[in-house]
Amino acid sequence: MTAGKTLRIGLTGGIASGKSTVSDFLAQMGAAIIDTDKIAREVVQPGSPALQVITERYGRAILNEDGSLRRDRLGEIVFASPAEKQWLEALLHPLIKARAAELAQMATEKGVPAVVFDVPLLFESGWNEPVDAIWTVYVSPVVQRERLKLRDGFTDEAATARLAAQWPIDEKAKRADVVINNEGTPAETQRQVAAAWRALRGLEQQ
């Protein structure tokens with residue numbers, strides 16, 4: 001790594017693992033955060049070409065009264081059908097990646113030390129290829145399931161379906177350059193993030 005280079009970090013984890021907590025800490029340390037979940041919402045705003053295509057496929061029952069996407073209903077459809085999930089990803093992933101690349105370029109031009117791509121499906125969708133380091137936020141599958149039930153009101157069956165749609169979190173941890181264990185207190189998580197950030201900046205300055 002050369003001095004002054006903007007590093008590219010791929011931040012991932014399992015559903016309900018707490019990626020947003022880690023990305024908040026990284027933002028406090030000076031990183032630019034590109035949240036692909038937020039971009040995914042942007043590309044299906046009312047009036048967008050992507051939402052029109054989705055509506056043509058699933059009907060207006062997929063929309064709220066104000067014309068916005070019913071994400072809960074769409075989730076029920078795609079998590080119940082691998083073919084529909086594949087179709088939706090083929091539609092949205094190129095749009096999300098293009099917007100993320102645009103935001104990353106803007107951040108790089110500002111001279112930020114690192115751009116963090118917060119990507120839940122980093123490995124599944126090939127986002128691991130263009131980054132300098134991969135960070136996985138880890139909690140056990142048992143904790144994931146309980147957090148999903150508490151946070152989103154999921155049944156055991158629904159929580160299991162969400163977990164099954166992603167790579168096992170232990171596999172993501174094995175492939176990561178940095179693993180942040182988020183089963184403890186926020187302070188414990190923040191200490192891990194700070195230590196990994198210092199190591200990253202040390203590499204940058206070599």
Stepwise, does the side-chain contact (heavy atoms from CB on, under 4.5 Å) test hold for Val78 with Leu74?
CA-CA 6 Å; Val78 301; Leu74 183 61; 4.1 Å; yes

Side-chain donor/acceptor of Thr108 to backbone N/O of Thr6, under 3.5 Å:
no

Should Glu65 and Arg70 count as an ion pair when the cut-off is N to O under 4.0 Å?
no

Pairs touching residues 133-167 that satisfy ring pair (Phe, Tyr, Trp, His ring centres under 6.0 Å), sequence neighbours left out
Phe123-Trp167

Working for side-chain contact (heavy atoms from CB on, under 4.5 Å), residues Gln144 and Leu148
CA-CA 6 Å; Gln144 282 182 280; Leu148 273 176; 5.5 Å; no

Do side-chain atoms of Gln45 reach the backbone of Arg41 as a donor and acceptor pair under 3.5 angstrom?
yes

Check Asp35 with Lys19, please: is the shortest side-chain N to carboxylate O separation under 4.0 Å?
no

CD-OG1 distance between Gln190 and Thr185, expressed to the nearest 0.5 angstrom:
9.5 Å

If you compare all heavy atoms of Ala161 against all heavy atoms of Phe79, which two are closest, and at what distance to 0.1 Å?
O-CD2, 4.4 Å

Is there side-chain contact between Val53 and Trp87, with heavy atoms separated by less than 4.5 Å?
yes

Which heavy atom in Val139 sits nearest to a heavy atom in Arg147, and how many Å separate them?
CG1-NH1, 3.5 Å

How many angstroms lie between NZ in Lys149 and OG1 in Thr160, if you round to the nearest 0.5 Å?
8.5 Å

State which residues pass side chain to side chain donor-acceptor pair (under 3.5 Å) with Arg73; sequence neighbours excluded, sorted by chain then number.
Glu76

In chain order, what residues pass the side chain to side chain donor-acceptor pair (under 3.5 Å) check against Glu157, with sequence neighbours excluded?
none

Taking atom CG of Leu92 and atom CD1 of Ile39, what is their separation to the nearest 0.5 Å?
12.0 Å

Would you give the length of the straight line joining atom OG1 of Thr36 to atom CD1 of Ile96, rounded to the nearest 0.5 angstrom?
6.5 Å

With no hydrogens and no angle check, just 3.5 Å: does a side-chain donor-acceptor pair link Gln105 and Glu109?
yes

Output, in order, the C-alpha distance, side-chain angles, deciding distance and verdict of side-chain contact (heavy atoms from CB on, under 4.5 Å) for Trp127 and Val131.
CA-CA 8 Å; Trp127 281 80; Val131 297; 6.0 Å; no

Taken in chain and number order and not counting sequence neighbours, the residues that satisfy side chain to side chain donor-acceptor pair (under 3.5 Å) with Glu56 are Gln52

Using a 3.5 Å distance criterion without hydrogens, assess whether the side chain of Asn64 forms a donor-acceptor pair with backbone atoms of Asp66.
no

Please name all residues satisfying side chain to side chain contact (heavy atoms under 4.5 Å, CB included) with Leu63, sequence neighbours left out, ordered by chain then number.
Leu51, Thr55, Arg60

Is the shortest side-chain heavy-atom distance between Lys172 and Gln166 below 4.5 Å?
yes

Just verifying a value: how many Å separate Gln192 CD and Glu188 CD, rounded to the nearest 0.5 Å?
7.5 Å

Spell out, yes or no, whether Ile169 and Leu122 are grouped together once hydrophobic residues are joined by side-chain heavy atoms under 4.5 Å, including indirect joins.
no

Nearest non-hydrogen partners of Ala32 and Ala107, listed with the distance
CB-CB, 3.7 Å

Residue pair Val178 / Ile180: nearest heavy atoms and the distance that separates them
CG1-CD1, 3.8 Å

Using a strict cut-off of less than 4.0 Å between a Lys/Arg side-chain nitrogen and an Asp/Glu carboxylate oxygen, indicate whether Lys38 and Glu42 qualify as a salt bridge.
no

Can you tell me if Glu183 uses its side chain to pair, donor with acceptor, with the backbone of Val143 under 3.5 Å?
no

Starting from the C-alpha separation in whole Å, work towards a yes-or-no answer on side-chain contact (heavy atoms from CB on, under 4.5 Å) for Asp118 and Ile34.
CA-CA 6 Å; Asp118 182 342; Ile34 297 176; over 6 Å; no

Distance-only donor-acceptor hits, side chain of residues 7-17, under 3.5 Å, sequence neighbours excluded:
{"unit_1": "Arg8", "atom_1": "NE", "unit_2": "Pro130", "atom_2": "O", "d": "3.2"}
{"unit_1": "Thr12", "atom_1": "OG1", "unit_2": "Val119", "atom_2": "O", "d": "2.9"}
{"unit_1": "Thr12", "atom_1": "OG1", "unit_2": "Pro120", "atom_2": "O", "d": "3.0"}
{"unit_1": "Ser17", "atom_1": "OG", "unit_2": "Gly14", "atom_2": "N", "d": "3.4"}
{"unit_1": "Ser17", "atom_1": "OG", "unit_2": "Gly14", "atom_2": "O", "d": "2.7"}

Restricting to non-hydrogen atoms, name the atom on Ala100 and the atom on Phe117 that form the minimum distance, rounded to 0.1 Å.
O-CE2, 4.1 Å

Roughly how far, to the nearest 0.5 Å, is the CG atom of Leu88 from the NE2 atom of His93?
7.5 Å

With no hydrogens and no angle check, is any side-chain donor or acceptor of Asp177 less than 3.5 Å from a backbone partner on Ile134?
yes

Would you name the heavy atoms of Ala50 and Leu95 that are closest together and state the gap between them?
CB-CD1, 3.9 Å

